[in-house]
Structure formats: C-alpha cells, structure tokens
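Below: one structure, written as structure tokens.
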Amino acid sequence: MPETRPRTEDDLDACVEVLAEVHHRDGYPVNWPDRPADWLSSGARLGAWVAEFDGRVAGHVALYAAGEGDVAPTRWPEGPTAVVSRLFVAPWARGHRLGALLIGRADAEARRRGLHPVLDVVATDTAAAALYERLGWRLLATVEQRWGPEQTVTMHCYAAPR
C-alpha cells in the first residue's frame with residue numbers, strides 16, 4: 001500500500017535517483033539542476049514529503065512560501081498562498097495514486113497554515129496538468145515566463161479547489 005511521510009535528509013539520494021528517471025522519461029525538470037539534491041532542498045520550504053511504494057521512495061512533493069519567479073500566487077486574488085512544487089513520481093510507480101497522495105499532503109499543510117495551495121506547471125507537461133484538473137484544481141492563467149536570456153517557457157497557473 002502506498003504511503004506518504006515527511007522527507008528526511010536520508011531520502012535525498014533516493015529522491016535524486018527518482019528525479020533522474022523522471023527527467024530522462026518526461027523532461028522534468030526542464031533544466032536539469034547542477035546539484036539536484038540542493039534543488040530539492042532550496043528556497044523557503046514549508047515542508048517536503050515522499051511517497052513510498054513497495055518499500056522504496058517513489059515520489060516527492062514540497063511546499064514553499066511564494067517566492068520570486070512564482071506566477072500562480074500573483075494570480076490568486078483571495079488571500080495568502082503556498083506553492084506546491086517539486087512534484088514527481090517514478091515511472092515504475094505510476095498508476096497507484098501517488099501523485100494525488102503527495103498533492104493531498106502538501107494541500108493539507110498549506111491549509112493548516114491558513115494558506116491556499118497554488119502551483120505553476122510547464123504547459124508541455126500535459127500529464128501533470130491533467131492530474132491537477134482531475135483533482136479539481138482550477139486553471140488561473142497561462143503566461144509566458146522568461147527563464148533566461150535564451151529561454152521563454154509557457155506556464156499554466158493553477159489553484160487548489162476551495
């Protein structure tokens with residue numbers, strides 16, 4: 001049975017391995033970080049969780065305070081937000097609702113803090129967008145975001161159901 005739990009420092013190597021599988025298969029993250037463990041741990045993180053399946057780390061999600069570059073918080077007019085980010089599930093563990101379980105953990109923590117969960121997703125990540133929409137997340141906007149002098153990415157901004 002899949003389960004989620006808070007991520008520990010001991011989980012980082014397994015998370016990086018899963019992230020590498022996801023990047024190879026799906027292209028997430030779009031730009032592979034120089035130091036993936038630091039990327040998973042950087043920023044104003046409010047919490048991070050892993051999903052375990054068959055005794056192995058099979059997925060990850062984090063919750064962050066809104067920061068520079070986050071678009072979805074600027075599109076939510078109804079109060080303070082928290083950003084769901086770094087969500088991924090190993091290709092070998094898909095189809096067992098791990099993504100929904102992880103999003104549920106981040107959503108619950110955001111609401112416990114009195115924050116509304118939002119997220120940004122690259123428009124080409126249609127599987128992720130389909131998951132959010134199945135879970136009732138609402139598309140707030142589609143925007144072009146500049147990630148560097150040579151890179152502009154189309155992003156969808158979503159908000160969790162009320």
Side-chain angles (χ1 to χ4, degrees), residues 1-67 69-70 72-73 81-113 115-139 147 153-162:
M1 198 74 187
E3 64 179 46
T4 62
R5 61 171 174 76
R7 188 193 79 202
T8 68
E9 290 300 311
D10 291 340
D11 295 319
L12 280 174
D13 287 343
C15 288
V16 169
E17 287 178 25
V18 172
L19 182 63
E21 292 176 42
V22 170
H23 179 71
H24 178 73
R25 174 153 184 223
D26 304 324
Y28 175 83
V30 172
N31 298 322
W32 182 254
D34 291 334
R35 298 169 58 177
D38 290 347
W39 181 77
L40 290 172
S41 299
S42 65
R45 194 176 69 244
L46 303 174
W49 300 267
V50 294
E52 290 187 335
F53 186 72
D54 284 342
R56 298 169 55 193
V57 170
H60 178 276
V61 71
L63 185 70
Y64 290 87
D70 293 319
T81 61
V83 179
V84 177
S85 187
R86 313 295 199 262
L87 173 67
F88 54 91
V89 173
W92 53 266
R94 293 180 184 166
H96 298 280
R97 298 197 35 83
L98 297 179
L101 286 170
L102 288 163
I103 290 171
R105 283 297 294 261
D107 182 295
E109 178 63 17
R111 292 173 195 273
R112 186 186 73 74
R113 293 171 177 260
L115 304 170
H116 193 86
V118 297
L119 59 83
D120 298 325
V121 63
V122 176
T124 56
D125 195 347
T126 57
L131 170 64
Y132 307 137
E133 291 174 10
R134 274 194 313 275
L135 296 174
W137 287 58
R138 181 170 52 119
L139 180 64
W147 283 6
V153 180
T154 303
M155 303 292 293
H156 294 313
C157 305
Y158 283 91
R162 286 189 173 82

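Shortest non-hydrogen contact noted between L98 and P2 is CD2-CB, 3.1 Å. Closest approach of A58 and V18 over heavy atoms only: O-CG1, 4.1 Å. Listed here is the closest heavy atom pair of L102 and A51: CD2-N, 3.7 Å. Nearest heavy atoms, P117 versus A110: CG-CB, 3.8 Å. The shortest heavy-atom contact between L63 and A106 is CD2-O, 3.7 Å. Residue V16 comes nearest to W32 through the heavy atom pair O-CH2, 4.3 Å, listed as atom of the first residue, atom of the second, then distance.
Side-chain contact check for C15 versus V50: some heavy-atom pair is nearer than 4.5 Å. When side chains are defined from C-beta on, L101 does not count as touching F53, because their heavy atoms never get closer than 4.5 Å. Side-chain contact between V121 and Y28: absent, with no pair of heavy atoms (C-beta onward) separated by less than 4.5 Å. In this structure, the side chains of V118 and V84 stay at 4.5 Å or more apart for every pair of heavy atoms. Looking at I103 and L131, their side chains come closer than 4.5 Å, going by heavy atoms from C-beta outward. Here the side chains of P29 and H23 are in contact, with some heavy-atom distance below 4.5 Å.
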Pairs of donor and acceptor atoms involving the side chains of residues 41-48, under 3.5 Å and at least two apart or interchain, shall be tabulated with distances.
unit_1	atom_1	unit_2	atom_2	d
S41	OG	R7	NH2	3.2
S41	OG	A37	O	3.2
S42	OG	W39	O	3.2
R45	NH1	S41	O	2.9

Just list the side-chain donor-acceptor pairs under 3.5 Å for residues 90-97, sequence neighbours left out, or say none.
unit_1	atom_1	unit_2	atom_2	d
W92	NE1	E21	OE1	3.2
R94	NE	V89	O	3.0
R94	NH1	D26	OD2	2.9
R94	NH2	D26	OD2	2.5
R94	NH2	V89	O	3.0

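Under the 30°/60° scheme for interplanar angles, the aromatic rings of W137 and Y132 are found to be tilted.
The pair R105-E109 does not count as a salt bridge, with every side-chain nitrogen at least 4.0 angstrom from each carboxylate oxygen.
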Checklist entry - Where do R86 and V61 land on the side-chain contact (heavy atoms from CB on, under 4.5 Å) test, with the steps shown first? => result CA-CA 5 Å; R86 313 295 199 262; V61 71; over 6 Å; no
Item to check | Derivation and outcome, side-chain contact (heavy atoms from CB on, under 4.5 Å), residues W147 and V30 | outcome: CA-CA 11 Å; W147 283 6; V30 172; 3.8 Å; yes
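The backbone N or O of F88 sits nowhere less than 3.5 Å from a side-chain atom of H60 that would complete a donor-acceptor pair. Of the possible polar contacts, one joining the H116 side chain to the A160 backbone as a donor-acceptor pair under 3.5 Å is found.
Within 6.0 Å of CG on D34 lie no more than 12 heavy atoms contributed by other residues, nucleotides or ligands.
The distance from atom CE of M155 to atom CG of L119, rounded to the nearest 0.5 Å, is 9.0 Å.
For residues 119-136, no residue pair satisfies the salt bridge (charged side-chain N to carboxylate O under 4.0 Å, His left out) rule, not counting sequence neighbours.
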